[in-house]
Amino acid sequence: MSELYIRVAEDENEEPMEIPSEDDGTVLLSSVAAQFPGACGLRYRNPESQCMRGVRLVEGVLHAPESDWGNLVYVVNYPKDNKRKMEEIDAASAVKVKRGYQKTSDLIVLGLPWKTTEQDLKEYFTTFGEVIMVQIKRDANTGNSKGFGFVRFTEYETQVKVISQRHMIDGRWCDCKLPNSKAFPDEPMRSRKIFVGRCTEDMTPDELRQYFMQYGEVTDVFIPKPFRAFAFVTFADDQVAQALCGEDLIIKGVSVHISNAEPKHNNINQLFRTLPGGSASLAAMFYRSQYHV
């Protein structure tokens, strides 16, 4: 049997993508979800009644209506209580931000030059829209900038536009993001530390400290010995740490991945099960790094 493809789109008005079927003519839901993350089924418009019909789904397998997929365009179903998250927001996709959420939030501005003042920050962001508040975080003792700050806009559309691009401020590229440090309001100390994965053996603590200082004050850098291809970096401010989580950064020409360091996670052994060296030893090392024991 020759390979058959069916046409699937996220919306009736969008250009469809071809999804391969199985040898028996069915289509796996996993094949659909691979192209449309979060998909839970398919539907199509009946040519006769013009009503939408659902495609039969049995144990993860989608069955063709009347045993023939035809030339119809099938539309993806998503769970109503599980709206898709945008992993990346760019100028073309910014309009797809969650429906119904129109309230502006404080945005964290990362990578600010030390010389940038609040007036500089306000003048720059005013070019996008009305600014309610700007603040640069400073060291309580020296008064020097920590390399990051916050901005808030009046209009939600302005906020979307700002976070959809990078910003050249005082000759330096900066990023604006929604800080998510409130995800763990009862454990503020935990969220100050990040896990840096895919490190190489030639990276030193001083080099990591120097790199991450562009985002904010770094209070500690820990690289386990023997080398295990990861490190921990602790910031003075939890919002900086949380804003970096999920990012892929380039350090010494190597792409490292940043994630949360959670020493009290109940499934810490499972977290390290797939890494080299065995889960027990790595989990123990993780705890030692958190508490320096």
For this session: Kindly compute the distance separating CZ (R166) from SG (C176), expressed to the nearest 0.5 Å.
Result: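 So the gap between those two atoms works out to 10.5 Å.
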Exercise. To the nearest 0.5 Å, how far apart are CD1 in I194 and CD1 in I258?
Worked result: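 So the gap between those two atoms works out to 4.5 Å.
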Problem set entry | Sequence-distant partners of F125, ring-ring contact (aromatic ring centres under 6.0 Å, His included), two or more places apart |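 F125 satisfies ring-ring contact (aromatic ring centres under 6.0 Å, His included) with F153, H167 once adjacent residues are dropped.
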Problem set entry | Minimum-distance pair of heavy atoms, taken over all atoms of P16 and R7 |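 The answer is CB-CB, 3.9 Å.
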Exercise. Can you name the nearest heavy-atom pair linking L178 to D106, along with the distance?
Worked result: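 Scanning both residues, the minimum pair turns out to be CD2-O, 4.4 Å.
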Do [X] and [Y] meet the criterion of a side-chain donor-acceptor pair at a distance under 3.5 Å?
{"X": "S255", "Y": "R198", "result": "yes"}
{"X": "Q119", "Y": "E123", "result": "yes"}
{"X": "D206", "Y": "T204", "result": "no"}

Just wondering, do [Y] and [X] contact through their side chains at under 4.5 Å, heavy atoms?
{"X": "F148", "Y": "D237", "answer": "yes"}
{"X": "L107", "Y": "Q159", "answer": "yes"}
{"X": "E118", "Y": "V134", "answer": "yes"}
{"X": "L112", "Y": "L121", "answer": "yes"}
{"X": "D120", "Y": "I169", "answer": "no"}
{"X": "Y211", "Y": "V233", "answer": "no"}
{"X": "V55", "Y": "W69", "answer": "yes"}

Exercise. Given the rule in the ring pair (Phe, Tyr, Trp, His ring centres under 6.0 Å) test, do F195 and F230 qualify, once you have shown the distances and angles that lead to the verdict?
Worked result: CA-CA 7 Å; F195 177 90; F230 63 84; 5.1 Å; yes
